[in-house]
Enquirer: 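I am attaching a structure below and will ask some questions about it afterwards.
These numbers come from a predicted model, not from an experiment.
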Amino acid sequence: MTTPVIDASVHVFFGSSKDLRRNFLREPFSSRGFPDYEMDWYGAPGGEYAEGTEGPDGQYPGSDPDVVARHLFAERGVDVAVLHPMTRGIMPDRHLGTAIAAAHNEMLVTRWLEHPEHGERFRGTIRVNPDDVTGSLREIAKYADHPRVVQLGIPLQSRELYGKPQYWPLWEAAAAAGLPVAVHLETGEGIAAPPTPNGHTLTYEHFHAFMGLNYLYHLMNMIAEGVFERLPSLKFVFADGAGDMLTPFMWRMDCFGRPHLEQTPWAPKMPSDYLPEHVYFVQNGFDGPGDVDFAGEWFGFTGKEDMVMYGSSYPHWHLNELSVPRAFTAEQRDRLCWRNAAELYGIDVPAASVAR
């Protein structure tokens with residue numbers, strides 16, 4: 001039997017910087033300076049993208065819907081792909097940052113979600129700028145009713161933790177629109193804070209290994225600030241791994257939180273009680289213990305089996321095949337491969353796919 005697959009982490013790009021500037025970004029922003037996709041501190045030693053993911057005329061990897069559809073749907077057996085446009089991180093000028101996000105949203109909808117052949121199998125993430133809540137609310141109002149828009153996207157590299165009150169109007173709008181918020185590591189350095197509390201790492205390997213800790217800083221701050229208590233329908237997706245670090249950190253947070261709940265009367269529950277129905281992770285090939293006898297037991301710790309979704313990270317170099325540990329139960333396999341994503345995003349997986 002073949003299990004249906006929803007790929008919850010497919011990254012899409014413009015064909016080039018000229019494509020962005022000439023076709024989607026308008027003045028006074030199209031002639032402004034901002035980082036190229038490649039202008040980050042840490043480049044993968046063997047190249048950032050998987051071989052063969054460029055467009056037919058050498059366009060940027062992940063920028064051609066026909067190429068992406070062939071790789072995902074025809075060759076990899078994916079049923080539905082959740083697209084996440086990659087932008088430029090946090091800009092010094094919040095208006096420029098919002099304009100760049102808006103250009104990516106227009107590209108996502110017109111080129112991908114409304115593609116005449118493949119659009120029905122794509123779902124989309126509209127990008128919003130957390131440094132410009134007013135501009136973000138405009139983007140939400142513009143696209144929230146689009147039937148194939150399923151979440152909002154924000155950069156991991158923020159200048160403040162996402163539980164802080166200045167972001168609450170954005171989370172309120174997301175909850176009101178019924179859209180999860182996906183946090184993802186960005187390309188382009190922008191003016192983001194260093195990737196670790198101790199500054200910049202020495203190598204790409206260190207950067208890639210430790211950047212995931214930032215998801216936990218955001219999550220713990222959101223729990224402590226009472227965000228999920230205030231917004232019972234808010235859902236956050238940590239969309240670039242790090243689910244494997246959840247259990248020990250939550251155990252620790254529960255241990256310290258148990259005798260000190262009176263210090264956060266606005267969040268009266270145990271910290272781990274805020275995870276179900278609020279927190280999700282996208283898992284890639286680097287997360288978890290691998291195909292070992294205790295993989296299923298490990299997956300059940302802290303309720304991860306109800307939070308984790310498969311994502312390939314296409315078209316990046318660590319593009320990974322879906323590999324389900326043999327120790328997973330049938331229910332755990334289904335939850336990882338498609339069911340968690342289908343329930344979160346309201347995706348109807350064709351009955352024929354479920355029955356395969």
Side-chain angles (χ1 to χ4, degrees), residues 6 8-9 82 84 125 128 130 150-156 158 160-164 167-168 170-185 211-258 261 264 266-284 286-288 298-311 331-332 335-347:
I6 296 176
S9 185
V82 180
H84 200 127
T125 306
V128 296
V150 296
Q151 67 185 357
L152 310 179
I154 58 175
L156 171 63
S158 66
E160 292 280 356
L161 292 169
Y162 282 139
K164 298 295 183 69
Y167 299 121
W168 290 359
L170 183 52
W171 312 151
E172 290 167 359
L179 294 174
V181 180
V183 189
H184 198 286
L185 174 65
M211 176 57 86
L213 288 169
N214 288 280
Y215 292 98
L216 298 172
Y217 302 145
H218 284 304
L219 172 60
M220 292 177 178
N221 179 249
M222 295 181 76
I223 292 173
E225 294 274 6
V227 172
F228 298 125
E229 182 73 24
R230 294 183 70 254
L231 298 169
S233 63
L234 180 64
K235 301 178 188 301
F236 249 68
V237 180
F238 296 100
D240 196 20
D244 56 337
M245 292 187 277
L246 177 67
T247 294
F249 278 88
M250 287 310 305
W251 283 348
R252 192 171 181 83
M253 194 173 185
D254 276 355
C255 180
F256 284 99
R258 190 184 308 273
L261 293 179
T264 55
W266 47 83
K269 301 176 185 177
M270 289 292 292
S272 60
D273 288 341
Y274 289 106
L275 297 177
E277 304 297 324
H278 286 296
V279 178
Y280 298 82
F281 289 87
V282 176
Q283 179 163 306
N284 62 47
F286 297 110
D287 299 329
W298 174 89
F299 200 51
F301 288 160
T302 332
K304 289 192 294 292
E305 58 197 1
D306 295 321
M307 303 178 204
V308 175
M309 304 175 287
Y310 163 70
E331 175 68 14
Q332 288 177 325
R335 290 219 156 265
L336 171 66
C337 292
W338 69 277
R339 193 179 297 277
N340 285 342
E343 292 174 356
L344 175 64
Y345 297 126
I347 298 174

Enquirer: Looking at every non-hydrogen atom in both residues, tell me the closest pair between L156 and H218 and how far apart they are.
Expert: O-NE2, 3.1 Å

Enquirer: For the CG atom of D254 and the NZ atom of K269, what is their distance to the nearest 0.5 Å?
Expert: 13.0 Å

Enquirer: Out of curiosity, W171 CH2 to L179 CG, how far, rounded to the nearest 0.5 Å?
Expert: 12.5 Å

Enquirer: For the backbone of D244 and the side chain of K304, can you confirm whether one donor and one acceptor N or O come within less than 3.5 Å of each other?
Expert: no

Enquirer: Do N221 and Y162 come close enough that some side-chain heavy atom pair is under 4.5 Å?
Expert: no

Enquirer: Do Y280 and M309 have side chains that get closer than 4.5 Å, going by heavy atoms?
Expert: yes

Enquirer: Under 4.5 Å between any side-chain heavy atoms of I223 and M250, yes or no?
Expert: yes

Enquirer: How far apart are the closest heavy atoms of A341 and I6, and which atoms are they?
Expert: CB-CG2, 3.8 Å

Enquirer: Nearest 0.5 Å, please: how far is CG in L161 from CE in M220?
Expert: 11.5 Å

Enquirer: Less than 4.5 Å apart, side chain to side chain, heavy atoms only: is that true for L246 and L275?
Expert: yes

Enquirer: Show the nearest heavy-atom pair for residues I154 and P130, with the distance to one decimal.
Expert: CG2-CD, 4.2 Å

Enquirer: Distance check, rounded to the nearest 0.5 Å: M222 atom CE versus Y274 atom OH?
Expert: 12.5 Å

Enquirer: Quick test of your reading: applying salt bridge (charged side-chain N to carboxylate O under 4.0 Å, His left out), list the pairs with at least one residue in residues 214-225, sequence neighbours left out, ordered by first then second residue.
Expert: none

Enquirer: Which pair of heavy atoms, one from L152 and one from A174, lies closest together, and at what distance?
Expert: CD1-CB, 3.6 Å

Enquirer: Test side-chain contact (heavy atoms from CB on, under 4.5 Å) on H184 and T125; report intermediate values, then the result.
Expert: CA-CA 11 Å; H184 198 286; T125 306; over 6 Å; no

Enquirer: Could you check if a side-chain atom of E331 sits within less than 4.5 angstrom of a side-chain atom of E305, using non-hydrogen atoms only?
Expert: no

Enquirer: Rounded to the nearest 0.5 Å, what separates atom CZ in R252 from atom CG in L216?
Expert: 13.0 Å

Enquirer: Looking only at non-hydrogen atoms, find the nearest pair between Q332 and G300 and report the distance.
Expert: NE2-N, 4.0 Å

Enquirer: Would you check if W338 and I347 make a side-chain contact, meaning some heavy-atom pair closer than 4.5 Å?
Expert: no

Enquirer: Once rounded to the nearest 0.5 Å, what's the spacing between atom CE of M307 and atom CD of Q283?
Expert: 12.5 Å

Enquirer: Please report the shortest heavy-atom distance between V150 and P180, naming the atom on each side.
Expert: O-CD, 3.1 Å

Enquirer: List the atom pairs, with distances to 0.1 Å, where a side-chain N or O of residues 230-243 and a protein N or O form a donor-acceptor pair under 3.5 Å, not counting sequence neighbours.
Expert:
from	atom 1	to	atom 2	distance (Å)
R230	NH2	E172	OE2	3.2
K235	NZ	E277	O	2.9

Enquirer: Is the shortest heavy-atom distance from the side chain of L185 to the side chain of Y215 under 4.5 Å?
Expert: yes

